[in-house]
A.B. asks: 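My structure is below; once you've seen it, I'll send some questions.
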Amino acid sequence: MRTEEVLAAIATGLWRWDNAAGTVTLDAEAARLLGLPPEPGSYRESAVRSRFHPVDWNEIYGVVNLAVAEGSLAEARLRIVDERGQVLRTVRSRSKPVFRTDEDADSEAYVLYGTLQEVAEPQPGATDAAHTPITGDWRRSREAFLLDAGRALAEARSTAEVLRVAGSLSMPGFSPDGLAVFGSAGERLTIIGHHGHSMGDEEPFTDMPLDTDYPAAEVVRTGRAIYLPSPEEYRRRYPATWPLARRFGRQSWAFLPLVSSGRTMGAWMAGFQHPVGFSPDERAVLSTVARMLAQALARAGVAETERELSLGLQRSMMPTLGPEIPGMTVAARYVPTGGGLQVGGDWYDMIPLPNGRIALVIGDVQGHDVRAAGLMGQLRIALRAYASEGHRPDAVLARASRFLSGLTDAYESVEGDAEPSAPRFATCLYAEVDPEAGTLDIARAGHPDPVVISADGTAVIRQTAGGLPLGIETDSDYPTTRVVLEPGETIMLCTDGLIETGGHDMATGWTRLRPVLEKPVEDLEQLADALVQAVHGPTSHYTTGPLADRREDDIAVLVLRRESAPAPESAPRRSVLTIAQAEPERISVGRQLVRELLHDWSDPEQVDSAVLMVSEMATNVLVHTDGDALMVAEISGEQGRRRLRVEVADASDELPHKRRPGEMASSGRGLVLMEMLADAWGVDPRGEGKSIWFELYESDEPGVS
């Protein structure tokens, strides 16, 4: 005799449930027990699920989840119903989850292998769905339910979410159809929230005196649970408030104290449409849920208070952008770090100056805590004060550095720690904007360089002179660099959180942001949003614009555009750089600037040639003259047929001469190189000085000019 025949003889069927595929395979006996045609077959999960009593299905789902987590057997008693919901029979299910090992399977995919066996004895409540069923292995069902309930309540982050989770809990065998959470304010009972009621049903219970003869009020007063298994019991014990409860048509009630940190903070009411006897096991489940609910509500209350505090602090510290700048458009974003207090050390500011210009400031105080936020607020105020006095950018940062150095020393002496932490510092970039000329005089204190986006969309890191971060030394110098914005060009200032998030450093972070900066957008608000979204995903909060939810570091972003742009296809790509006698290292900045301007040039050899010629021209100025060099690089024309023109000007009227250097000569090759590598070159006298220049013409075919 086959195994299937033996199992059929004892009314036992075999089944296989694939949770990933959503299919259930049954042998003939299992199909018969489920009220399906008595033959082997494969069914959709929904078809099999409809054969179980809804309450029992919720229980078996919890039992299976527990078995999956523990790797144990899942056992339960289940009622089988027909199409009209009438109970046909009761079966015992025993199954074992086995995780799938095939390569395409999800890591959590499993298959249940099990048996179904008809149970001869009637199950309490099986003939009356309105009564509390005692189904399955009660202990395992309870453990599975409490495991799921504890996890769900622990993950709830707000009072509303806690109430939603509590309302969705399906208790093993006696799920309530309505609940209410009561709190207390002074000597009065309040409603925190409810579920399973219509709007307005809470009115009679709102602002109820605590000495009222009402179960929830008594629970808050005494801290003891109250169980009312029948309407008669409710009416006998609380005749004054029974009319308020009668209209809901319930049969049983449980009122349990919500205790947190040894204090009764409120009461939880669970109401049932069917009679519940409140056995010791049922009371144990309700008490456990009440404890978890109280803890979840306490956590949510603390989190909501912190969020409200941080949002208020953030709103008070972060400025809105000031008056409009004639001929320019500005946009800004601030994104606090994720978790905890939603404010940190990053900030931006826009300050009207006495000379009619505008100052743009962006900075980052070390740290993401309350102290960083406090230092940021004080430093921001100090910077506004120094700027309003009319100081130049270098003087503003020098004064701010002295201010922060003294401020951090004061913090250390006030805290009085046995082992004080290191003083805080801050990075900062201060730019004085002349809207008419389109210039920005920039002083930088350890902050990332700005990025200039030309009218044709090319983004280039504009290297500027800089000094130490603020607060490192009491006397620091902050040289000023002038950046010229041509019509249609945009400059982006940001803190390092925009660049070095997600494991990136400055180089790889810049590579990630460059495509975003070079994507054409008409509205600067869209560009600011795109920068934040590129790092942190979809937006959800607002200060001056949308912000992101999940953050590793604070972010501050300022973007400024000079308007009245020519058509992008005809707009030249231009950059200007001063190379001072005292700063020969700026020659490398010039080389990098030209290389970035030519990042999409079709011939890499021409790019190398241009960089080499720039290096030669700038070096000759510093070696053979006593003045500074001014380099102007410009690209014009259409893609594939563009012209690069680079000029290096100085104040000397001595014209260079082409020489034939020997093999061992260390100089004299500059003009020879230009004659070999440039498509055109020359030397032009200019008043008291001169300008040496070269041009390269782009070709569609690399190596051909």
Side-chain angles (χ1 to χ4, degrees), residues 345-355 357-366 372 375-409 423-434 437 439-452 461-485 491-496 499 506 556-558 560 576-590 592-593 628 630:
D346 289 23
W347 88 96
Y348 64 84
D349 211 343
M350 179 173 162
I351 309 168
L353 300 178
N355 57 9
R357 298 180 179 181
I358 298 291
L360 296 180
V361 188
I362 191 164
D364 179 4
V365 175
Q366 176 192 15
L375 286 173
M376 178 269 286
Q378 296 179 76
L379 181 59
R380 178 174 148 259
I381 293 171
L383 278 162
R384 289 186 70 91
Y386 298 141
S388 299
E389 290 174 354
H391 299 293
R392 294 286 298 163
D394 55 340
V396 170
L397 290 190
R399 284 166 167 77
S401 184
R402 285 195 295 271
F403 172 81
L404 183 60
S405 178
L407 197 61
T408 53
D409 290 343
R424 301 288 182 102
F425 62 85
T427 66
C428 184
L429 187 149
Y430 181 99
E432 184 175 315
V433 183
D434 184 344
T439 61
L440 290 88
D441 292 333
I442 296 175
R444 191 169 55 85
H447 202 80
D449 280 303
V451 175
V452 175
I461 297 176
R462 181 63 165 87
Q463 296 190 23
T464 57
L468 293 172
L470 305 178
I472 298 293
E473 292 183 357
T474 54
D475 294 309
S476 298
D477 294 327
Y478 297 98
T480 302
T481 302
R482 173 161 290 187
V483 174
V484 181
L485 280 186
I491 190 167
M492 188 271 289
L493 316 176
C494 70
T495 55
D496 58 2
I499 305 171
M506 279 291 177
V557 180
L558 267 173
L560 175 74
V576 181
L577 178 68
T578 298
I579 304 174
Q581 282 282 340
E583 297 178 305
E585 66 273 8
R586 299 281 288 171
I587 295 176
S588 65
V589 176
Q592 183 62 26
L593 187 64
D628 299 340
L630 177 67

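Note that the coordinates shown come from a computational prediction; the quantities given were computed from them, not determined experimentally.
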A.B. asks: Do Ser401 and Ile472 have side-chain heavy atoms sitting under 4.5 Å apart?
C.D. replies: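 No, side chains not in contact.
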A.B. asks: So Trp347 and Leu383, do their side chains get closer than 4.5 Å, heavy atoms only?
C.D. replies: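 Yes; the side chains approach each other to less than 4.5 Å.
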A.B. asks: Will you find, in the side chains of Asp364 and Thr427, an N or O donor that is under 3.5 Å from an N or O acceptor?
C.D. replies: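 Not at all, the side chains of Asp364 and Thr427 share no donor-acceptor pair under 3.5 Å.
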A.B. asks: Just wondering, do Leu493 and Val557 contact through their side chains at under 4.5 Å, heavy atoms?
C.D. replies: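 A side-chain contact is absent here, since even the closest heavy-atom pair is not under 4.5 Å.
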A.B. asks: For Arg384, does its backbone N or O pair with a side-chain atom of Ser388 as donor and acceptor, under 3.5 Å?
C.D. replies: yes
A.B. asks: Donor-acceptor check, side chain of Ser405 to backbone of Thr474, threshold 3.5 angstrom: yes or no?
C.D. replies: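 It does not hold such a pair.
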A.B. asks: Any heavy-atom pair between the side chains of Arg586 and Leu593 that's under 4.5 Å?
C.D. replies: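 No. Closest side-chain heavy atoms not under 4.5 Å.
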A.B. asks: Verify whether one side chain among Asp346 and Thr495 offers a donor that lies under 3.5 Å from an acceptor in the other.
C.D. replies: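 Looking only at side-chain atoms, Thr495 and Asp346 do form a donor-acceptor pair, the distance falling under 3.5 Å.
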A.B. asks: Say you draw a straight line from OH of Tyr430 to CD1 of Ile442; how long is it, rounded to the nearest 0.5 Å?
C.D. replies: 12.0 Å
A.B. asks: Between Arg402 and Asp475 (salt bridge meaning N to carboxylate O under 4.0 Å), is one present in this structure?
C.D. replies: yes
A.B. asks: Any side-chain to backbone donor/acceptor pair from Arg444 onto Thr464? Under 3.5 Å, distance only.
C.D. replies: yes
A.B. asks: Hey, is the main chain of Glu585 close enough, under 3.5 Å, to the side chain of Ser588 for a donor-acceptor pair?
C.D. replies: yes
A.B. asks: Less than 4.5 Å apart, side chain to side chain, heavy atoms only: is that true for Val396 and Pro393?
C.D. replies: no
A.B. asks: Looking at Arg462 and Val452, would you say the former's side chain and the latter's main chain have a donor-acceptor pair under 3.5 Å?
C.D. replies: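 The answer is no, because no donor-acceptor pair under 3.5 Å joins these two groups.
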A.B. asks: Evaluate the side-chain proximity of Cys428 to Ile362: yes if any heavy-atom separation is below 4.5 Å, no if none is.
C.D. replies: no
A.B. asks: Within this structure, what is the CG-CG distance for the pair Leu558 and Leu560, rounded to the nearest 0.5 Å?
C.D. replies: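 One gets 8.5 Å once the value is rounded to the nearest 0.5 Å.
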A.B. asks: Can any side-chain N or O of Tyr478 pair as donor or acceptor with the backbone N or O of Leu468 at less than 3.5 Å?
C.D. replies: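 Here the side-chain-to-backbone pair exists.
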A.B. asks: Could you please spell out the steps behind the side-chain contact (heavy atoms from CB on, under 4.5 Å) verdict for Leu630 and Val576?
C.D. replies: CA-CA 7 Å; Leu630 177 67; Val576 181; 3.6 Å; yes
A.B. asks: Do Arg357 and Val433 make a side-chain contact, defined as non-hydrogen atoms from C-beta onward lying under 4.5 Å apart?
C.D. replies: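 Not touching, per the 4.5 Å side-chain cut-off.
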A.B. asks: Working note: Leu379 + Val365, criterion side-chain contact (heavy atoms from CB on, under 4.5 Å); need CA distance, chi angles, decisive distance, verdict.
C.D. replies: CA-CA 9 Å; Leu379 181 59; Val365 175; 4.3 Å; yes
A.B. asks: Got Val361 and Ile351 here, is their nearest side-chain heavy-atom distance under 4.5 Å?
C.D. replies: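 The answer is yes; the side chains approach within 4.5 Å.
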A.B. asks: Once you round to the nearest 0.5 Å, how far does CZ of Arg392 lie from OG1 of Thr480?
C.D. replies: 6.0 Å
